Amino acid sequence: MIVSARPPQPPAAERLEQARLLVAEGEDDRARQILATFTAADEAALPPSACRLLDGLRETLLLAARDRLPDDLAAGLDGNLARLRSAVDTGIAQPELVAALSPEAQADFGRARRAMELYIQAEGAARNGEHPAVLEHLAALLALSPELTDPEELRKKSADALEAEAVAEQRSRGPRPAENVAEPRCFVADPHNSATNAHRSATNERSSATIEG
């Protein structure tokens with residue numbers, strides 16, 4: 001199986017500083033995307049001061065997202081995956097905000113949460129090189145919310161990887177042997193042609209007899 005290599009992430013400290021600058025510039029969505037890349041190992045490698053900064057950025061983004069929840073939810077279901085992720089993260093962290101929404105908006109939140117679960121599953125399958133599973137999760141996602149985009153191009157990358165696997169497998173089998181076509185053992189005369197040839201022979205014989213006479 002061919003596993004698509006993912007580009008290495010910058011160091012955790014560098015990503016943290018980039019997220020801090022984005023928050024200061026009001027680029028909350030991009031900052032959330034960067035903070036979402038932090039793993040437990042990343043956080044363990046940070047010094048205490050950086051950990052406090054990380055927690056502070058998350059708290060700032062969470063408070064900002066609280067006021068934006070209805071708008072993020074609407075924009076996310078219209079196709080903006082970053083804002084959909086923000087709305088779902090906010091609703092999970094602060095369920096009382098979801099409880100305060102209208103019944104229709106609560107139903108939309110349920111659909112948004114399921115959509116994000118599918119995309120997260122697709123991301124995990126892509127990291128593991130499980131390309132058929134990626135396409136399966138994304139197909140279910142599109143059936144649930146056809147407007148959603150695929151900013152990481154997971155579908156294209158998985159389809160390309162499966163095509164490359166098929167080509168590699170075909171090459172490993174080698175060229176197909178030529179088929180042996182048996183030659184006919186007997187010639188089967190065309191009755192129409194046989195009759196024509198007989199007629200021509202008879203005509204030639206009469207012509208020869210006339211000339212000799």
Side-chain angles (χ1 to χ4, degrees), residues 4 6 9 15-16 18-40 42-43 52-128 130-162:
S4 301
R6 294 174 65 88
Q9 292 281 1
R15 280 179 283 149
L16 182 60
Q18 186 180 5
R20 185 188 69 80
L21 293 174
L22 288 171
V23 170
E25 296 169 0
E27 297 286 346
D28 290 2
D29 291 337
R30 292 176 59 194
R32 285 191 189 91
Q33 290 174 355
I34 292 175
L35 294 184
T37 67
F38 277 76
T39 64
D42 290 330
E43 296 184 26
R52 289 192 294 271
L53 174 59
L54 177 61
D55 291 340
L57 290 176
R58 286 172 170 164
E59 181 67 20
T60 298
L61 291 173
L62 189 61
L63 292 174
R66 180 180 60 187
D67 298 330
R68 292 177 43 184
L69 176 60
D71 291 339
D72 280 347
L73 183 59
L77 291 175
D78 281 342
N80 189 320
L81 189 70
R83 295 187 68 177
L84 187 73
R85 192 189 296 267
S86 172
V88 171
D89 289 346
T90 302
I92 292 175
Q94 303 183 67
E96 67 278 6
L97 298 180
V98 178
L101 296 174
S102 67
E104 294 80 5
Q106 291 183 32
D108 286 342
F109 181 82
R111 183 160 63 96
R113 184 169 184 172
R114 176 55 181 157
M116 278 311 309
E117 289 173 352
L118 289 169
Y119 197 80
I120 290 171
Q121 290 170 359
E123 289 176 323
R127 284 192 294 270
N128 296 330
E130 300 168 355
H131 304 299
V134 173
L135 299 180
E136 180 181 347
H137 292 317
L138 291 179
L141 172 61
L142 287 179
L144 180 67
S145 185
E147 301 85 1
L148 278 181
T149 58
D150 180 15
E152 297 184 37
E153 296 187 332
L154 300 181
R155 183 185 300 99
K156 180 181 184 302
K157 292 174 182 176
S158 290
D160 290 346
L162 289 174

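What you see is a predicted model; the values in this text were computed from it and never measured. We count residues from 1, following the sequence as given.
- Put simply, the residue from Asp28, Asp72, Asp71 that forms a salt bridge (charged side-chain N to carboxylate O under 4.0 Å, His left out) with Arg83 is Asp72.
- With 3.5 Å as the limit, one finds a donor-acceptor pair spanning the side chains of Thr37 and Arg15.
- Side chains of Asp78 and Glu147 form no contact here, defined as non-hydrogen atoms less than 4.5 Å apart.
- Side-chain contact between Leu101 and Leu69 is present, with at least one heavy-atom pair separated by less than 4.5 Å.
- Ion pairing between Asp89 and Arg58 fails under the 4.0 Å rule for side-chain N and carboxylate O.
- Using a 4.0 Å cut-off between charged side-chain N and carboxylate O, Asp29 and Arg32 make a salt bridge.
- A distance of 12.5 Å separates CG of Leu35 from CZ of Arg30, quoted to the nearest 0.5 Å.
- Contact of the Ile120 side chain with the Glu117 side chain is not registered, since no non-hydrogen atoms from C-beta on lie closer than 4.5 Å.
- Contact annotation: the side chain of Leu138 never approaches that of Leu118 to less than 4.5 Å [non-hydrogen atoms, C-beta and beyond].
- When atom types are taken as modelled, the side chain of Glu152 and the backbone of Glu123 share no donor-acceptor pair closer than 3.5 angstrom.
- Residues Arg155 and Leu142 have side chains in contact (heavy-atom distance under 4.5 Å, counting atoms from C-beta outward).
- Side chain of Thr149 to main chain of Gly79: a donor-acceptor pair is present (N/O by atom type, distance under 3.5 Å, no hydrogens or angles).
- When side chains are defined from C-beta on, Asp150 counts as touching Tyr119, because their heavy atoms get closer than 4.5 Å.
- Side-chain atoms of Asn80 come within 3.5 Å of backbone N or O of Ala82 as a donor-acceptor pair.
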